[in-house]
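Scroll down for the structure; my scribbles are underneath it.
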Amino acid sequence: MRFQAYFTPIIKIILYIMAAISVIGLIIGILVFAKVPIELTTGQATLLVSLCPVCAVISLLFATLHYTVTNTHLRLNVGFIDVLGGRVCINKIVNIVIDGKLMYISYIYKGMDPIIAAIAINPKRYDEMKDLLMAKNPNIQFFENKNESDNSKQ
């Protein structure tokens, strides 16, 4: 199952605008090399052609950041690459905590001390992810703090 990483709408818009501007810069650089009369030097065109594709790819990768739950692992994917490198085995997840608008998991990677990781997905999908992980590992303990006003007073 796939869960899109949650960015605020403004951040998502900025990422897609960065990708679009980078593609436009690449096209302008190519046009300069094709001898279309644009007021840029060859050095500026070279810079556009070399940097714009990298910027476009990076911004699109971040815009498409997502979590994938497989039968054995929780993965954080940038494109097709698992950023966590298989560290989060579902059978090693100790607990899931939902505290207001935040979701955390604790898991054992190496040794005895658990690692706590924030899960950045849309809060509307917290229950769906929690249910999916707990179905795959019934030993996971679940805690929820619904009272957000107590947290804001501290």
Side-chain angles (χ1 to χ4, degrees), residues 1-133 136-137 140 148 151-152 154:
M1 165 109 357
R2 183 180 165 137
F3 295 89
Q4 189 68 33
Y6 184 71
F7 293 108
T8 61
I10 241 3
I11 298 295
K12 269 243 192 223
I13 290 169
I14 289 170
L15 287 170
Y16 283 116
I17 288 173
M18 283 174 48
I21 290 171
S22 297
V23 169
I24 291 168
L26 174 64
I27 291 169
I28 290 171
I30 291 171
L31 290 175
V32 168
F33 286 130
K35 305 291 186 209
V36 174
I38 298 175
E39 294 186 26
L40 288 177
T41 65
T42 306
Q44 291 169 329
T46 303
L47 192 63
L48 285 174
V49 169
S50 61
L51 290 180
C52 285
V54 174
C55 294
V57 168
I58 289 171
S59 60
L60 287 174
L61 285 175
F62 277 104
T64 59
L65 189 72
H66 64 278
Y67 294 89
T68 304
V69 178
T70 66
N71 287 334
T72 58
H73 289 83
L74 173 63
R75 299 171 42 146
L76 175 61
N77 292 344
V78 174
F80 57 87
I81 300 167
D82 181 11
V83 178
L84 300 174
R87 281 186 223 155
V88 185
C89 293
I90 293 175
N91 64 353
K92 299 284 185 174
I93 295 176
V94 178
N95 60 41
I96 297 173
V97 177
I98 297 177
D99 185 24
K101 301 249 182 211
L102 301 171
M103 180 179 194
Y104 302 97
I105 62 166
S106 298
Y107 64 95
I108 305 295
Y109 177 55
K110 291 182 179 178
M112 298 293 292
D113 296 328
I115 296 171
I116 299 171
I119 303 296
I121 61 172
N122 190 327
K124 294 176 184 172
R125 298 198 66 196
Y126 284 168
D127 287 333
E128 186 180 349
M129 181 177 262
K130 172 194 64 106
D131 293 342
L132 182 62
L133 292 172
K136 294 180 182 296
N137 180 359
I140 295 174
E148 292 179 39
N151 292 339
S152 62
Q154 294 177 356

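In this chain, numbering begins with 1 at the start of the sequence shown.
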Roughly how far, to the nearest 0.5 Å, is the CD1 atom of Ile115 from the OH atom of Tyr107?
4.0 Å

Spell out, as yes or no, whether a donor-acceptor pair under 3.5 Å connects the side chain of Arg87 to the backbone of Leu84.
yes

Within the distance-only criterion (no hydrogens, no angle test), does the side chain of Asn137 pair as donor or acceptor with the backbone N or O of Ile90 below 3.5 angstrom?
yes

Look only at the side chain of Tyr109 and the backbone of Lys92, and say whether a donor-acceptor pair between them is shorter than 3.5 Å.
no

Heavy-atom distance under 4.5 Å between the side chains of Lys136 and Val69, does that happen here?
yes

dist Leu48:CG -> Ser22:OG (nearest 0.5 Å) comes out at 9.5 Å

Distance in Å, Ile96 CD1 paired with Leu133 CG, rounded so as to fall on 0.5 Å steps:
4.5 Å

Any donor-acceptor pair under 3.5 Å from Tyr67 side chain to Ala120 backbone:
yes

For Ser106 versus Pro114, what's the shortest heavy-atom pair and its separation?
CB-CB, 4.2 Å

How long is the span from the CD1 atom in Ile13 to the OG1 atom in Thr8, to the nearest 0.5 Å?
8.5 Å

As an exercise, state the distance from CG of Leu51 to OG1 of Thr46, rounded to the nearest 0.5 Å.
10.5 Å

Within a strict 4.5 Å, meaning less than it, do heavy atoms of the Ile98 and Tyr104 side chains meet?
no

Heavy-atom pair of closest approach, residues Pro53 and Val49:
CD-O, 3.1 Å

I need the minimum non-hydrogen distance between Phe62 and Phe7, along with the two atoms involved.
O-CE1, 3.1 Å

Atom of Asp82, atom of Asn77 and distance for their closest heavy-atom approach
CA-OD1, 3.5 Å

Looking at Thr41 and Val32, what are the two nearest heavy atoms and their distance?
O-CG1, 4.2 Å

As an exercise, state the distance from CD1 of Ile21 to SG of Cys52, rounded to the nearest 0.5 Å.
9.5 Å

Tell me if a side-chain donor or acceptor on Lys12 pairs with a main-chain N or O of Ala63 at a distance below 3.5 Å.
yes

What is the minimum heavy-atom distance between Ile140 and Ile93, and which atoms define it?
CG1-O, 3.6 Å

Count the heavy atoms of every other residue, nucleotide or ligand shown that sit under 6.0 Å from CD1 of Ile116, and state whether that count exceeds 12.
no

Do Phe3 and Ile119 have side chains that approach each other closer than 4.5 Å (heavy atoms only, starting at C-beta)?
no

When you measure from the side chain of Gln4 to the backbone N and O of Ile121, does any donor-acceptor pair fall under 3.5 Å?
no

Ignoring hydrogens and geometry, is there a side-chain-to-backbone donor-acceptor pair from Gln44 to Gly29 under 3.5 Å?
no

